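Here is the structure we will look at.
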2 protein chains.
Amino acid sequence: METRELRYFVAVAEELHFGRAALRLGMAQPPLSRAIARLERRLGTVLLERDSRGVALTGAGRVLLREGRTALEAVAAAEARTRRAGQPGLVLAAKAGASTDLLARLLAAYEAGPGAVPVDVRLCQYGEQGRLLRRGEVDVALLHLPFDSTAGLDTEELHTEGQVALLPAAHPLAARRELRLADLADLPDLPAPRYPRADGTHPDGPGPAIRDHAQLHQLIALGRTCAVLPESCRTQLRPDVTPVPVLDAPPVTAVLAWPPDSRSRPLAALLRAATGG
Amino acid sequence: METRELRYFVAVAEELHFGRAALRLGMAQPPLSRAIARLERRLGTVLLERDSRGVALTGAGRVLLREGRTALEAVAAAEARTRRAGQPGLVLAAKAGASTDLLARLLAAYEAGPGAVPVDVRLCQYGEQGRLLRRGEVDVALLHLPFDSTAGLDTEELHTEGQVALLPAAHPLAARRELRLADLADLPDLPAPRYPRADGTHPDGPGPAIRDHAQLHQLIALGRTCAVLPESCRTQLRPDVTPVPVLDAPPVTAVLAWPPDSRSRPLAALLRAATGG
DNA sequence: TACGGCGATGCCCGCCGGGTATCGCCGGGT
DNA sequence: ACCCGGCGATACCCGGCGGGCATCGCCGTA
C-alpha cells in the first residue's frame, strides 16, 4: 500500500464525498474513484458503501481510516525528523508564557555548556506540544504534569511547585491571603476557563475558551474568568491581576519530554544541562 | 514520501550495498540508486555517505532507518488489519503448548455464546505474540505475565497460578516433594534453557536455545535441561518428565491482550466469554 | 418527466519508474 | 606500473500507470 493511496482513502473517508475529497487533494474526481477502487481490489475488501445518495464507511473502512491515519502520521513524523536531523539545531516546544524563567535558565545553562547547537524555541498553544513531539516537528518539549500527557514519551523532571489563583485585582477574593479550590468552584462572576483538549477542541461551559497565556491573563484582567497556575507565573503578572496561593491545588511538575529512542547528542547535552549535570 | 521509497531506503540502509539491496528488492541497481538520490533531494539531506569503498549511514540516515521501519510497520499493520476486518472471524495468537486447557475452555465458552464467529488459533513461538499483535496479523493474543510484555496493549487477566519445575524423571531432584529456585540455579547437568528475546535472538549461555514447548519438553525428557512452568502444564506431561512445585517462583498470570482502540464486536464477545460474563 | 447531483467508465496523454548498457573511480593484486 | 574487478552514477529508452476530460448511468426531487 502506497502512502498516496492512504492519503486518498483518508480524504474520501473524512469527506464521505468523492468530489469534495478530490477538490481537497487537488485532483479530479475520476482518478480518485479509480484509485479507491484499485485499493479495494488489492485489499480484497469493500471499504466504502456507495449508496445512490452519498458514501458510507464499511467496517473495514473504519479500520483503515483509524489505522491509516496513524500510519500516515508515522510516515510524516519519519520525514520531519529526518529533515531536521540533516541540519544542526534543536527545536524545543513550550507553552507560550508558561515557565518562562525556568526555560530561560535551562537555555542559558545549555548554551554555556560545550558543543551547544542553536535551540529554536517553538512557543505553542495549550496541549499542542505532545502532538508536535509525536509528529516529529520538535525534538523535545517542556510539559507540565498533571496537565499534559506524557504517554509514550521519555521524560526528565525539572521542577515542582505549588499553584496560585490568578484573580482580577478588583475581585473580593483577591484580598484573601489564601484560598482553597472549593472557594473558586462555580463562581458565577468568574466562570472557569475552558482549556483545549488534546484534539484542539474546547469543552462546553460558560467560561471563555483559552488558547494561550496572554489571552488568559487578559481575560482575567478584564474580570471575565480566573485561573489556577503554577507559582512561577508571579514573575510575569500584570498589575491588574492578583495571585493568591491555593493550598489544596495539586503541585505542578515541569518535565522535559522527548520521543523514546531519539537521544541525539544535542538532546543529551540539553538534558545534562537541565539536570544540572 | 511514498512507502516504496521508504522500503528502498531501508533495504539499502540495512545492506549498506546498493547491489545487494536491489537484489533483495527484485530490481536492478540503477533505478535504486536514482530513487535514493531523489529521496535525498526531496528531503534536502544526505542519507548515505558513498565512499569509494562501500556505503555508510549519515546521522539523518540513521534517523530515517529507525523512523522509517516503524512507519513501514504501521502501514503494514494498517493493511493487515483492514484485510482481516473485511472478512468474518477472529485470529488469536497463543504460545504453542501453553495454557492449552485454559484456551480450550475459553474457546468453548465463546463458541457457545451468541454471535460467535470462527476463531483461527495461531500457535506461535515464544515471545512472538506481541509482534504479531503490533503487526496487525492477529486480533488478540494469550500472553503470560511476567514473561510477555503488554506495553502498549489493552489487557484482561484470566487466571493466575503457581509454577512447577519440570525435570527429567530420572534426575535426583525429581524425587523431591518441593523445590526452591535456588535448588535449580546453576545445575551443571541441567543448564537453564535460553528463551528467545523479543527480537527472536537467543541470549548466550550453556543451555539449549528454545523455540516452543514441544522442543522444550523433549529436551527435558532427554535430560539436557529443566524448566519452571505454570502448574497447568501438568495436564500434558510426558511420562519421562516429572513436575515438582517451586515454592518461591513468581505466580504466572494468563492475560488476553489486544491493540488499544480495536474492540470489534467479535473481540468484545470473546472478552465477555473470557471473563465469564 | 425533466433536471441535477454524484460516482463510474471510456479514452487519451505525459511522465515517471524501471531496465540495459556504460562510465568513472578507486583499490588491490601481479 | 598496470590492469582488472567491484561498485555506484549516468545515459538512454520504453512501457505502464496516474491523472485529466468527456460522458454515462442511476436515482432522488421538483
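All of these numbers come straight from a predicted model, not from anything done at the bench. Every chain is numbered from 1, with letters handed out A, B, ... down the list of sequences.
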- Task: Name every residue in residues 30-47 of chain B that has at least one heavy atom under 4.0 Å from any atom of DNA chain C, in order of residue number, or write none if there are no such residues.
- Result: B:P30, B:P31, B:R34, B:R38

Whole Å only: how far is the [atom1] atom of [X] from the [atom2] atom of [N]?
X: A:R20; N: C:dC6; atom1: CZ; atom2: P; value: 7 Å
X: A:F18; N: D:dG19; atom1: CZ; atom2: P; value: 15 Å
X: B:L25; N: C:dG17; atom1: CG; atom2: P; value: 15 Å
X: A:L23; N: C:dG7; atom1: CG; atom2: C1'; value: 16 Å
X: B:H17; N: D:dG8; atom1: NE2; atom2: C1'; value: 9 Å
X: B:M27; N: D:dG8; atom1: CE; atom2: P; value: 14 Å
X: B:E15; N: D:dG8; atom1: CD; atom2: P; value: 11 Å
X: B:E49; N: D:dA9; atom1: CD; atom2: P; value: 12 Å

- If you look at every strand shown and take non-hydrogen atoms under 4.0 Å, does B:A28 touch a base, only sugar-phosphate, or nothing? base

- Item | Side chain A:R211, main chain A:Q125, donor-acceptor under 3.5 Å | no

- Heavy-atom donor-acceptor pair, A:T225 side chain to A:P191 backbone, under 3.5 Å: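 Indeed, once roles are kept as given, a pair shorter than 3.5 Å links the two residues.
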
- Task: Please round to the nearest 0.5 Å and tell me the distance separating atom CD of B:E137 and atom CZ of B:R122.
- Result: 5.0 Å

- Note on the structure: Applying the 3.5 Å cut-off to both distances, the Watson-Crick or G-U partner of D:dT23 turns out to be C:dA8

- Item | Watson-Crick or G-U wobble mate for C:dT30, both contacts under 3.5 Å |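 Paired with C:dT30, as far as the under-3.5 Å criterion goes, is D:dA1.
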
- State plainly whether the residues A:E67 and B:R84 are in salt-bridge range, i.e. N to O under 4.0 Å.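 Judged by the 4.0 Å cut-off on N to carboxylate O distance, A:E67 and B:R84 do not form a salt bridge.
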
- Pairing of B:E73 and B:R69 as salt bridge, 4.0 angstrom limit: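 Here B:E73 does not pair with B:R69 in a salt bridge, since their nearest N and O are not under 4.0 Å apart.
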
- Query: Quick one: which of A:L270, A:L267, A:V138 gives a side chain to side chain contact (heavy atoms under 4.5 Å, CB included) with A:L92?
  - Reply: A:L270

- Pick from B:L72, B:L39, B:V75, B:L65: which one makes a side chain to side chain contact (heavy atoms under 4.5 Å, CB included) with B:L6? B:L72

